[in-house]
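Heads up: the structure comes next, in structure tokens.
Throughout, numbering of the chain's residues begins at 1 and tracks the sequence.
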Amino acid sequence: MKRVTTPSGLFLLLGMMVAMPLAAQEDPAAAFADAYEAPSEDAFADDAAGEGVSEDAFADAAPDSAADAAPVEDGADAFAADVPTETDADAFAAEAPADDGFAAAEEEVAVEEEAVVEDDSASAGSERDPVWLYVGADYAWLTAQFSSDALQARFGADRVDSRFYRGRIGTRLFQFIGVEGHFGVSDTDDSLPGDVEVSEYVGIYLVPTGVLFNLLEVSAPVGYSVTELQRGNASEKFDAVSFGLNIEIPLLVDVDGFPDIRIGGGGTVYQAEKESRVYGYHAGIRIDFNI
């Protein structure tokens, strides 16, 4: 008769097959504990004794928590001592210059700068360019011609002559333009036939000036003059635009201890109108100096 195995019997057989090998094995945790049992303190001491190290030496070598912490605490204390405290900050603030000190320093610097500026101004004023002046003295010959019958009757001729001393003083407004003032004193006896007296002469002129051949100084004065001629009880004023031409030669120039001296001459038209013409020539000397 054929034997039939039920499923429950099969499961029981399989469970027995698995349990038998496991039962034959030891507990893994116990086996690991037996194989790797930690040495006891007595064993560690025995090992140390076997190496020749006493327990006391080992105890001395063991780190003490308080001793080990001491250096750290000492270092922290030293660092803390180096850190500036509020007292140190107050001392630094006391040593630092106050705002009033800075203000005083700035004021002192400003005063010094102002003094330097004043010194520069004073030195600039003391080193200013000198003022160039000149004076001149000329001897002048004057001629007057009349086209008017009234003037001819007054002076007794259609032409009269005169001589006078002429003085002038001038300066330079610019490098090539100066200004001159003129005045004159008569040197003629009007009792002589054909002669008249220059009773008054004044004039003001602008004087453009140039130099030829680095030697001759040429000027062309242009201005206004008043010339009064007199003969006996008769007199007449001639005032009008006046102009002329002068040439001067240096006689003594750039000599230490002496002023510059020039000699020269020229011609001047004192008045030029339809009824009368007054003109003349002159020669003289000019002296230049600085002030």
Side-chain angles (χ1 to χ4, degrees), residues 131-155 157-188 190 194-212 216-249 262-289 291:
V131 178
W132 178 70
L133 295 175
Y134 63 89
V135 294
D138 303 322
Y139 192 80
W141 296 265
L142 180 144
T143 298
Q145 291 181 335
F146 309 120
S147 301
S148 168
D149 294 338
L151 290 175
Q152 291 177 6
R154 186 175 299 174
F155 290 101
D158 61 355
R159 172 179 172 167
V160 294
D161 296 316
S162 184
R163 294 168 298 279
F164 66 100
Y165 298 103
R166 189 181 76 170
R168 55 195 173 109
I169 182 171
T171 185
R172 289 284 175 88
L173 299 177
F174 305 101
Q175 183 176 2
F176 298 108
I177 298 179
V179 60
E180 283 184 3
H182 291 194
F183 59 92
V185 177
S186 179
D187 186 40
T188 299
D190 60 356
D195 285 351
V196 295
E197 180 182 352
V198 178
S199 58
E200 180 184 359
Y201 168 69
V202 293
I204 185 72
Y205 295 86
L206 285 176
V207 188
T209 304
V211 178
L212 295 177
L216 300 177
E217 185 175 294
V218 180
S219 61
V222 179
Y224 191 86
S225 69
V226 177
T227 306
E228 183 176 5
L229 302 180
Q230 181 177 353
R231 181 179 175 84
N233 295 328
S235 65
E236 185 73 23
K237 277 188 177 181
F238 304 91
D239 54 333
V241 173
S242 177
F243 54 91
L245 180 67
N246 299 325
I247 298 177
E248 293 175 307
I249 301 173
R262 290 173 171 80
I263 58 173
T268 302
V269 175
Y270 302 99
Q271 188 238 33
E273 295 181 354
K274 182 179 180 180
E275 295 182 353
S276 60
R277 291 165 300 279
V278 182
Y279 55 92
Y281 305 94
H282 60 270
I285 188 172
R286 192 186 88 193
I287 301 175
D288 299 354
F289 56 93
I291 59 173

Would Arg286 and Glu180 pass as an ion pair if we require N to O under 4.0 Å? no
Can you list the residues that meet the side-chain hydrogen bond (donor to acceptor under 3.5 Å, both in side chains) rule with Ser235, with sequence neighbours excluded? none
With Asp161, which residues qualify under salt bridge (Lys or Arg N to Asp or Glu O under 4.0 Å), at least two apart? Arg159
For Glu197, check side-chain hydrogen bond (donor to acceptor under 3.5 Å, both in side chains) against everything at least two apart and list the hits. none
Anything under 30° is parallel, anything over 60° is perpendicular, the rest tilted; go ahead and classify Tyr281 against Tyr279. perpendicular
Set of residues satisfying side-chain hydrogen bond (donor to acceptor under 3.5 Å, both in side chains) with respect to Ser186, sequence neighbours excluded: none
Separation between CD of Glu275 and CZ of Phe238, rounded to the nearest 0.5 Å: 10.0 Å
Any pair counted as ring-ring contact (aromatic ring centres under 6.0 Å, His included), so long as it reaches residues 135-154, sequence neighbours left out: Tyr139-Trp141, Tyr139-Tyr165, Phe146-Phe155
Test side-chain contact (heavy atoms from CB on, under 4.5 Å) applied to Ser147 - qualifying residues, sequence neighbours left out: Arg277
Using the side-chain hydrogen bond (donor to acceptor under 3.5 Å, both in side chains) criterion, which residues pair with Asp158? Sequence neighbours excluded. none
Mind checking side-chain contact (heavy atoms from CB on, under 4.5 Å) for Ser199 and listing every partner two or more places apart, or none if nothing turns up? Glu228, Gln230
Does Asp195 have any salt bridge (Lys or Arg N to Asp or Glu O under 4.0 Å) partners at least two apart in sequence or in another chain, and if so, which? Arg163
Among residues two or more places apart or on two chains, list those pairs meeting salt bridge (charged side-chain N to carboxylate O under 4.0 Å, His left out) that have a residue in residues 133-144. Asp138-Arg166, Asp138-Arg168
Any side-chain donor paired with an acceptor under 3.5 Å for Thr209 and Glu217? no
Interatomic spacing from CZ in Arg262 to CG in Asn246 - rounded to 0.5 Å: 13.0 Å
Would you please name every residue forming a side-chain contact (heavy atoms from CB on, under 4.5 Å) with Val135, sequence neighbours left out? Ile169, Ile287, Phe289
Can you check whether Val198 reaches Thr188 side chain to side chain, under 4.5 Å on heavy atoms? no
So, using side-chain contact (heavy atoms from CB on, under 4.5 Å) as the criterion, who are the partners of Ile249 when residues are at least two apart? Leu216
